[in-house]
Amino acid sequence: MKKLTLKQQIEKDLNVAVRCVIKHLPFLGEFKITSSSQEGVDYQCNDCFALFKKLDKNMSWVSPFDLAESISKNFKSEFTEINVSKPAFLNFRIKNSQLVKIAKDINKNGKLQLENQEKQTVFFDYGGANIGKELHAGHLRTIIVGEALKRVYNAFGHDTIADTYLGDWGLPLGLIIAQLCENGGIKDGKLWVDITLEMLNDVYPLASKRKNIEPEFKKLAEDITAKLQNFVEPYYSIYKKIREVSVTRIKKNYERMGCTFDLYNGESNAQPYVDNVLGILEKQGLTYIDKDCLMINVAKDGEHIPMPKKNPADKNEPQLYKNPMPPVILQKGNGGDLYATSDIATILYRQRDFSPDKYIYVTDFRQSLHFTQVFRIIKKGNIVAKNIEFVHIGTGAVVGTDGKPFKTRDGGTIRLEEVVDMVKDAVINRGASAESAERIGVSALKFADLSNNVKTDFTFDMEKFTSFEGKTGPYLLYTVARINSILNKAIDLNTCLEEEIVSSTERNILTSIIKLVDSYPIALHTNTLNTIADSIYILAQTFNIFYGQTNILRETDTKKQSHYLGLCKLVKTSIEFALWSLGIDTVETM
RNA sequence: GUUCUCGUAGCUCAGUUGGAUAGAGCAUCAGCCUUCUAAGCUGAGGGUCCCUGGUUCGAGCCCAGGCGGGAACGCCA
């Protein structure tokens, strides 16, 4: 039997009452409750208006309010009180005994009880690392959001597989190797230098710059890329070495961000499946040739999108495409394949190896057209079963305080490592120990990101990250550290929640926990995390108010004191669980 | 040009399928540490939710049309 959350149980009771009242009519849909901002009201239901409207004019109710009152009279629940307010709101106030019961369960189980869901396997693709390049500030969001969302799925008991999908097969590798050839790093088919991260850090930016100004160099890099992709030596061995060095570093960076992957596959792993994919699509007659490229149309009927004009000033330039959505190039004029093809080929073997029910990609929002196209190809080409769900979460850009893409003062990118070092140093300056400083610093970065909407741009403001005041990650860790301090001093004392809740502050703590639990389904449903982040903050804030009002250790009434300690334990467990689900680690002391 | 996205307090942002008096943090001002960690707590001021229409009992949220910022749009990923 499925265990329902408090909210679900109240909804169930409510719908029994609704059916009681309108039993002789076809039912018009489930009534829903939402959390309420009204004083003394925990949940409210606003559905009486809509139901009244749908009802036959000959019914006995003269107004939505009238209807609400009838439902209210038929409402029976061991979980909540009900009352009606004008114009026609049904208001619910959870019984204290229920709040305490849930609190006791949390203390007993050491975690929040989330709603039961049918178990799924969900494949996560985030992180966005490229071989030969350092992770930088622009990677923050995909790492933070991807990891958090993965853990939220875990919190519900779903199986997850995380693959960072390395950019390890394109022109960048050719550029690095070309540069090594030119500076003598590779001679006579042999490698003469040690491949290190430091070296790659110098080589790639240089090669990338040369590509744009030296056509011969670009040609060389393209040739090498092609050879590499045909596994020609010594390029392939050198490539493998570069990959190894890079992955070690990338892993280390991810680790510092509290981020773990099950797989470090990349575009290269997709290569063996590319022909397979093209075969499947060609066989169904979905592809065509245009300008030497193998194309696929992903238009839906009735949609129209003109081809962009190369020169906006030229009004006579013909519009090449009248298709709904631009078609996709599967294979370049020279036979090479492109990222869309790799992505599809990757899905082919992911499906074979893991058969997930759902795929979630977290990348920068600029790739959203690309993913829409890929997902359409998957469906259109019957690459996987129809019921498998594909989701792309496009995060907003990381921007500086000027609103422009985040850059250092001299216009360069800032490495992820440097970002972590900076916040860590700031924490140490506040007097934290070296061990806990990094966690505290990373919590600031993560919470700042997660409490914003995924889609909007994320302002990278170092001053804000290092101030640690107000609604920040460190505030949450601080709350837990305060509780730890109390619990450590009270180690010999009883902790037992009482049925009687006296103060409204205590009750607020318990309802904050209910709201935290309710925030999880919202997160899953909308693929956003800020509702959870916000709920944790409110819980911490509510506790800190209680902390200010109550001296727990000096309480002389032992029954009261053990109740207070029970509340402490409850808040600690709840916050730690919720922070874990967002990928944020707590610290023992601060 | 087409499509996507954003526009809410001085600043950074929340606002859960439309719900009651639009909320936080920062900043500003005024208080609280001989008392469990002041990275904290209390209080005050601060709003044309970009504009104009529409839908309805009710719109920051939905629809239409504007204005403004950002982005994507065939051989990069």
Side-chain angles (χ1 to χ4, degrees), chain A residues 32 34-38 41 44 46 49 52-53 63-64 85-89 128 130 167 170-172 267 290-293 295 303-309 312 315 319-321 324-329 331-334 336 338-340 342-343 363-370 372 394 396-397 399 401 403-405 427 430-432 440 448 451-453 455-457 459 461 463-464 467-472 474-475 477-479 481-486 489-490 518-519 521-523 525-526 528 530-531 533-534 537-538 541 544-545 547-555 568 589-590:
Chain A
K32 297 262 165 76
T34 55
S35 65
S36 174
S37 55
Q38 296 300 108
V41 182
Q44 69 182 61
N46 311 320
F49 300 100
F52 180 76
K53 194 171 247 181
S63 69
S85 64
K86 286 198 167 168
F89 298 111
N130 287 308
L171 187 62
E267 294 166 311
D290 186 24
K291 295 191 176 142
D292 296 333
C293 296
M295 308 286 300
E303 290 180 333
H304 290 281
I305 183 173
M307 176 62 188
K309 288 176 179 158
K315 286 181 182 153
Q319 295 192 338
L320 297 177
Y321 301 113
M325 175 165 286
V328 179
I329 300 183
Q331 213 167 31
K332 296 196 277 193
N334 68 5
L338 245 34
Y339 50 101
S342 305
D343 275 337
T363 74
D364 186 283
F365 74 104
R366 282 178 286 242
Q367 292 190 34
S368 61
L369 174 61
H370 160 66
T372 309
V399 299
T401 43
K404 292 182 179 151
V427 174
R430 297 261 326 204
I440 298 168
S451 55
N452 282 3
N453 191 314
K455 273 192 288 190
T456 52
D457 287 350
T459 306
D461 185 347
E463 242 176 76
K464 197 176 159 189
S467 71
F468 311 130
E469 266 156 33
K471 193 174 180 179
T472 61
Y475 175 87
L477 302 200
Y478 180 67
T479 306
R482 275 178 149 182
I483 296 174
N484 287 339
S485 175
I486 292 173
K489 284 172 186 161
D518 289 342
S519 72
I522 294 171
H525 183 244
T526 58
T528 59
N530 56 303
T531 315
D534 226 47
Y537 175 71
I538 290 167
Q541 204 178 32
N544 280 321
I545 293 168
Y547 180 95
Q549 290 172 350
T550 323
N551 197 314
I552 298 159
L553 291 179
R554 290 193 167 197
E555 177 58 55
C568 287
T589 59
M590 278 178 80

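Taking the side chain as every heavy atom from C-beta outward, A:Thr589 and A:Asn484 never approach each other to under 4.5 Å. Annotation: side chain of A:His370 is not in contact with side chain of A:Thr363 (no heavy-atom distance under 4.5 Å). The side-chain heavy atoms of A:Leu369 and A:Met325, taken from C-beta on, include a pair separated by under 4.5 Å.
Comparing B:C73, B:C41, B:U17 against the side chain of A:Leu369 picks out B:C73 as the nearest. Proximity note for A:Thr459 (side chain, C-beta onward) versus B:A77, B:C13, B:C36: the nearest is B:C13. For A:Asn551, taking side-chain heavy atoms from C-beta onward, the closest of the listed nucleotides B:C41, B:C75, B:U35 is B:U35. Counting only heavy atoms from C-beta on, A:Gln367 has its side chain closest to B:A77 among B:A77, B:C75, B:A39. When distances run from any side-chain atom of A:Gln44 to the nucleotides B:C36, B:C75, B:A20, the shortest one goes to B:A20. When distances run from any side-chain atom of A:Val427 to the nucleotides B:C73, B:A39, B:C36, the shortest one goes to B:A39.
Spacing of C1' atoms, B:U48 relative to B:G43, comes out at 28 Å, to the nearest Å. Nucleotides B:A72 and B:A27 have their P atoms positioned 35 Å apart, rounded to a whole Å. Taking the C1' atoms as reference points, B:G66 lies 32 Å from B:A24, given to the whole Å. Comparing the P positions of B:U37 and B:G45 gives an interatomic distance of 34 Å, to the nearest angstrom. Atom P of B:C11 sits at a distance of 15 Å from the matching atom of B:U28, rounded to the whole Å. Here the separation of B:C26 from B:A14, taken at their C1' atoms, is 14 Å to the nearest Å. The P atoms of B:C63 and B:U21 are separated by 24 Å, rounded to the nearest whole Å. Spacing of C1' atoms, B:G46 relative to B:G10, comes out at 9 Å, to the nearest Å.
Residue whose closest nucleotide on RNA chain B sits further toward the 5' end, between A:Glu267 and A:Thr550: A:Thr550. Remark on RNA chain B: of its neighbouring residues A:Asp461 and A:Arg554, the 5'-side contact belongs to A:Asp461, judged by nearest-heavy-atom nucleotide.
With a 6.0 Å cutoff to the six-membered ring centre and a 45° limit on the axis angle, A:Arg482 counts as a cation-pi contact of A:Tyr547.
Applying the Watson-Crick and G-U wobble criteria (two distances, each under 3.5 Å), B:C57 pairs with B:G19. Taking a pair to require two hydrogen-bonding distances under 3.5 Å in either a Watson-Crick or a G-U wobble arrangement, B:C11 pairs with B:G25. In this structure B:U42 sits in a base pair with B:A30, meeting the Watson-Crick or G-U test at under 3.5 Å. Base pairing of B:G68 is made with B:C6, judged by Watson-Crick or G-U wobble geometry with both donor-acceptor distances under 3.5 Å. Of the nucleotides present, none pairs with B:U35 by Watson-Crick or G-U wobble criteria with both distances under 3.5 Å.
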Please list each protein N or O that sits under 3.5 Å from an N or O in nucleotides 8-11 of chain B, with the distance.
none

Write out a two-atom table: protein N or O, nucleotide N or O from nucleotides 55-61 of chain B, distance below 3.5 Å.
unit_1	atom_1	unit_2	atom_2	d
B:U56	O3'	A:Lys53	NZ	2.9
B:C57	OP1	A:Lys53	NZ	2.8

Any N/O pairs under 3.5 Å between the protein and nucleotides 25-31 of chain B? List them or say none.
unit_1	atom_1	unit_2	atom_2	d
B:G25	OP1	A:Gln541	NE2	3.4

Between the protein and nucleotides 49-51 of chain B, are there any N/O to N/O pairs under 3.5 Å, and if so, what are the atom names and distances?
none

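Spacing between atom CZ of A:Phe89 and atom C1' of B:G19 amounts to 4 Å, rounded to whole angstrom units. The separation between A:Asn453 atom CG and B:U12 atom C1' is 14 Å, rounded to whole Å. In this entry the distance linking CD1 of A:Ile538 with P of B:C13 reads 19 Å, nearest Å. Across the protein-nucleic acid pair, A:Asp518 atom CG and B:U16 atom P stand 15 Å apart, rounded to whole Å. To the nearest angstrom, P of B:A39 lies 16 Å from CD1 of A:Ile483. The CG atom of A:Asp534 sits 8 Å away from the P atom of B:G15 (whole-angstrom rounding). One atom, CD1 of A:Ile552, and another, C1' of B:U35, lie 13 Å apart when rounded to the nearest Å. Per the geometry, CZ belonging to A:Phe365 stands 11 Å off C1' belonging to B:G69, to the nearest Å.
Here A:Lys455 reaches the OP1 or OP2 of B:C6: one of its side-chain N or O atoms lies under 4.0 Å away. Within the structure, every side-chain polar atom (N or O) of A:Tyr475 is placed at least 4.0 Å from both OP1 and OP2 of B:U37. The side chain of A:Arg366 places no N or O atom within less than 4.0 Å of a non-bridging phosphate oxygen (OP1 or OP2) of B:C4. Side-chain nitrogen and oxygen atoms of A:Asn530 include at least one within less than 4.0 Å of the OP1 or OP2 phosphate oxygen of B:G15. Proximity of A:Ser485 to the phosphate of B:C36: no side-chain N or O atom is located under 4.0 Å from OP1 or OP2.
Looking at heavy-atom distances under 4.0 Å, A:Thr456 makes contact with sugar-phosphate atoms alone, never a base.
Partners of A:Tyr537 by ring pair (Phe, Tyr, Trp, His ring centres under 6.0 Å), not counting sequence neighbours, listed by chain and number: A:Tyr475. Judged as a salt bridge (Lys or Arg N to Asp or Glu O under 4.0 Å), and not counting sequence neighbours, A:Asp461 has no contacts. A:Ser485 is linked by a side-chain contact (heavy atoms from CB on, under 4.5 Å) to A:Lys489, counting only residues two or more places apart in sequence or in another chain. Looking at residues two or more places apart in sequence or on another chain, you find no salt bridge (Lys or Arg N to Asp or Glu O under 4.0 Å) involving A:Lys464. For A:Asp364, the side-chain hydrogen bond (donor to acceptor under 3.5 Å, both in side chains) partners are A:Arg366, not counting sequence neighbours. Qualifying side-chain hydrogen bond (donor to acceptor under 3.5 Å, both in side chains) partners for A:Thr472, counting only residues two or more places apart in sequence or in other chains: none. Every salt bridge (Lys or Arg N to Asp or Glu O under 4.0 Å) that A:Asp534 has, sequence neighbours left out, goes to A:Lys471. Not counting sequence neighbours, the partners of A:Thr528 by the side-chain hydrogen bond (donor to acceptor under 3.5 Å, both in side chains) test are A:Thr526.
A:Asp457 places no side-chain N or O within donor-acceptor distance of the main-chain N or O of A:Gly396, the cut-off being under 3.5 Å.
At a cut-off of 3.5 angstrom, counting only N and O atoms as typed in the model, there is no donor on one side facing an acceptor on the other between the side-chain of A:Tyr478 and the base of B:A39.
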